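Here is the structure we will look at.
Just so you know, ligand 1 is whichever comes first in the structure, and atom 1 is the first atom listed for that ligand. Predicted, not measured: the structure shown is a model, and the values here were computed from it.
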Amino acid sequence: MIVIQGHCLISEFQYICIMENTLQQIVAQFRIQGEVSDIVAFGNGHINDTYLVTTTSKDTPDYVLQRKNHLIFKDVPGMMDNIVRVGQHIREKLINAGVDDVDRRVITHIPTQSGANFFQDDSGNFWILCLNIANSRSFEMIENPHQAWLTGKAFGQFQQQLADLPAPPLHETIVDFHNIEFRYRNFRKALEVNYHNRAALVQQEIDFALEHEAEMHTLIQAQRSGLVPMRITHNDTKINNVLFDENNEVLCVIDLDTIMPGLMHFDFGDAIRTGASTAAEDETDLDKMTIDLHLFEAFAKGFLEETKAVLTPSEIGLLPHSAKFMTFIMGLRFLTDYLEGDVYYKIKHPEHNVQRARAQFRLVAEIGKHEAEMKEIVAQLV
Ligand code: GN1
Ligand code: MG
C-alpha cells in the first residue's frame, strides 16, 4: 500500500497507473509526433527523474522526458536557457560542417505547445522533453584504450565547440559547484551538526578529508592568481554522458544541466575519475579501485588532440592534479551528504553515500601514487 497526498491508501498497481496517467498528460504538453505507447524509467542519474517515452509507430521518434530536480537546480529557466543556447550553437556548427545526421549529434529539445523549453506542472515541478537518439548507448565504465581515446576526443571537441559561444555569459546555475572552499564549509557544517550521529561511523573518511585540505586548494589558488582561465565547461563529464552509436563511434555529449563557466580541469578531471578508474563509483571492494594508466594516457591523448592548441602551459600542467581533485571533491560531497542524512543524491541503500565516498577516496590515494607517471604522460603528449 502507498499513501498518496497524506490520506488515501492505494495499491502499488494503482499508484503506477496514476503515475503513468500523469506522465502521459505531461508529455501531451509538448509538441510531439505520434501516439505515446509506453513511458518507463530510464538512465542512472543521481539527481533528476528520467523516463523513456516510446511512440507506437516506427515512423515517429521516441522521446526522453525528464523532471528536473528544482531543489538542486534553483534556476531551471536559466538552466534550460543555457542548454538550449548551447545546443543551438553546436547544431549550427554541425550544419555548417555539412554533418548529415545532426539530430543524432546533438540533443534536440522539444518545445511545449506554447513554445517554451520546459513545462511547469501544478505542483511546481519542471519537465523537459527531448528526442531520444535511437540505437545509441552509453557506458558506465570504459572498456579499452580506444574507447578512452574516443571519449577524450569527444569531451575535447565539446570544449572546442563551446569556445566561441557568443555573449552573454551562461547562467551560473549552481553557484560554487566545484568551489572547494564552499564544499569544505558544507562538510564542516555537516560535521558540527552531526544531525544523524553518523560522524563516529566515518572517522577515517573524515580524517582523510581533513588531511587533504591544503592540497585540494591548488586549483582555486591557480584560478585566483590568474594562472588558469575560466572557460565554458560541462561540469559533469562522467563517462556515461557520452553517447555511442551501434558501431561504437561517438555521437554526442549529453546531460548539459551543469554547463556554465568553469575551469577546463573540472571536465578533464571528472572524466578521468570515471573513465580511467578500474571500478565503479560506488565499488565496495576497495582493492579493485585504482587508476588505469593506459586508459588515462588514451583519454588524455584524445582530449589534448582537440584542445592543446588553446590550453595554456599552466592549464596543461595541472591536468594530472585535476583527476585527483575532481575525485576528491566528489568523495567530499558524498561524505557530506551521508553526514547530512542523504538529502542530495539518490541512494539505493542507507550506506550508499559513504560507500561512494570510500571508493572515491581510495581512488584519490591511488592517483596520488601514480601522479608522477601521470605528469610524465601528459608532458610526453604535448
Ligand atoms: C550527479 O545526476 P548525475 O549523475 O547527472 C551530480 C554530479 C556528480 C555525479 C556523481 C547536479 O550527476 O555533480 O558528479 O552525480 N550532479 C549534480 O555521480 O550535483
Ligand atoms: Mg548530471
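Not a single heavy atom of Lys346 lies less than 4.0 angstrom from ligand 1. Under a 4.0 Å heavy-atom criterion, Arg273 is in contact with ligand 1.
The existence of a salt bridge linking Arg224 and Glu181 is confirmed by a sub-4.0 Å separation between a basic side-chain nitrogen and an acidic carboxylate oxygen. A salt bridge links Glu215 to Lys324: one of the charged nitrogens lies within less than 4.0 Å of a carboxylate oxygen.
Taking the six-membered ring for Trp and the full ring otherwise, the centers of Phe299 and Phe268 sit less than 6.0 Å from each other. A centroid separation of 6.0 Å or more is found between the aromatic rings of Phe119 and Phe126. Proximity of the aromatic rings of Phe158 and His234 is defined here by a centroid distance below 6.0 angstrom, and this criterion is met. Ring centroids of Phe361 and Phe208 are separated by less than 6.0 Å, placing the two rings close together.
Scanning the protein heavy atoms around atom 16 (N) of ligand 1, the nearest turns out to be Ile47 CG1, 3.7 Å. At the shortest separation from atom 8 (C) of ligand 1 among protein heavy atoms lies Met330 SD, 3.9 Å. Protein heavy atom nearest atom 2 (O) of ligand 1, with residue, atom name and distance: His46 N, 2.8 Å. Protein heavy atom at the shortest distance from atom 19 (O) of ligand 1 is Tyr344 OH, 2.5 Å.
Residues Gln66 and Thr50 bring a donor and an acceptor atom of their side chains to less than 3.5 Å of each other. Between Gln380 and Glu376, the side chains place a donor N or O and an acceptor N or O closer than 3.5 Å (distance only, hydrogens not considered).
For the pair Asp236 and ligand 1, the shortest N or O to N or O distance falls below 3.5 Å. By the 3.5 Å distance cut-off applied to N or O atoms, Lys238 is counted among the residues near ligand 1. When only interatomic distances are considered, the shortest N/O to N/O separation between Glu281 and ligand 1 falls below 3.5 Å. Where the criterion is an N or O separation shorter than 3.5 Å, residue side chain and backbone included, Ile174 fails it with respect to ligand 1. Taking any N or O of Arg333, backbone or side chain, at least one lies under 3.5 Å from an N or O belonging to ligand 1.
Counting atoms of ligand 1 from 1 in the listed order, those under 4.0 Å from a heavy atom of Asp255 are 5 (O). Short contacts between ligand 1 and Phe177, defined as distances under 4.0 Å to a heavy atom of the residue, involve ligand atoms 11 (C), 13 (O), 17 (C), 19 (O). Applying the 4.0 Å criterion to heavy atoms of Gly45 picks out, from ligand 1, the atoms 2 (O), 4 (O). Residue Tyr345 has at least one heavy-atom neighbour below 4.0 Å for each of these atoms of ligand 1: 15 (O).
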*asked:* Pair Arg91, Asp103 - check salt bridge (Lys or Arg N to Asp or Glu O under 4.0 Å), show working.
replied: CA-CA 8 Å; Arg91 182 172 298 267; Asp103 282 349; 2.9 Å; yes
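Tyr338 places no side-chain N or O within donor-acceptor distance of the main-chain N or O of Val202, the cut-off being under 3.5 Å. Panel note: side chain Ser37, backbone Thr54; a donor-acceptor pair is recorded below 3.5 Å.
Sorting the N, O or S atoms of Asp255 by how far they are from the Mg ion (ligand 2) puts OD2 first. Asp236 contributes atom OD2 as its closest N/O/S atom to the Mg ion (ligand 2).
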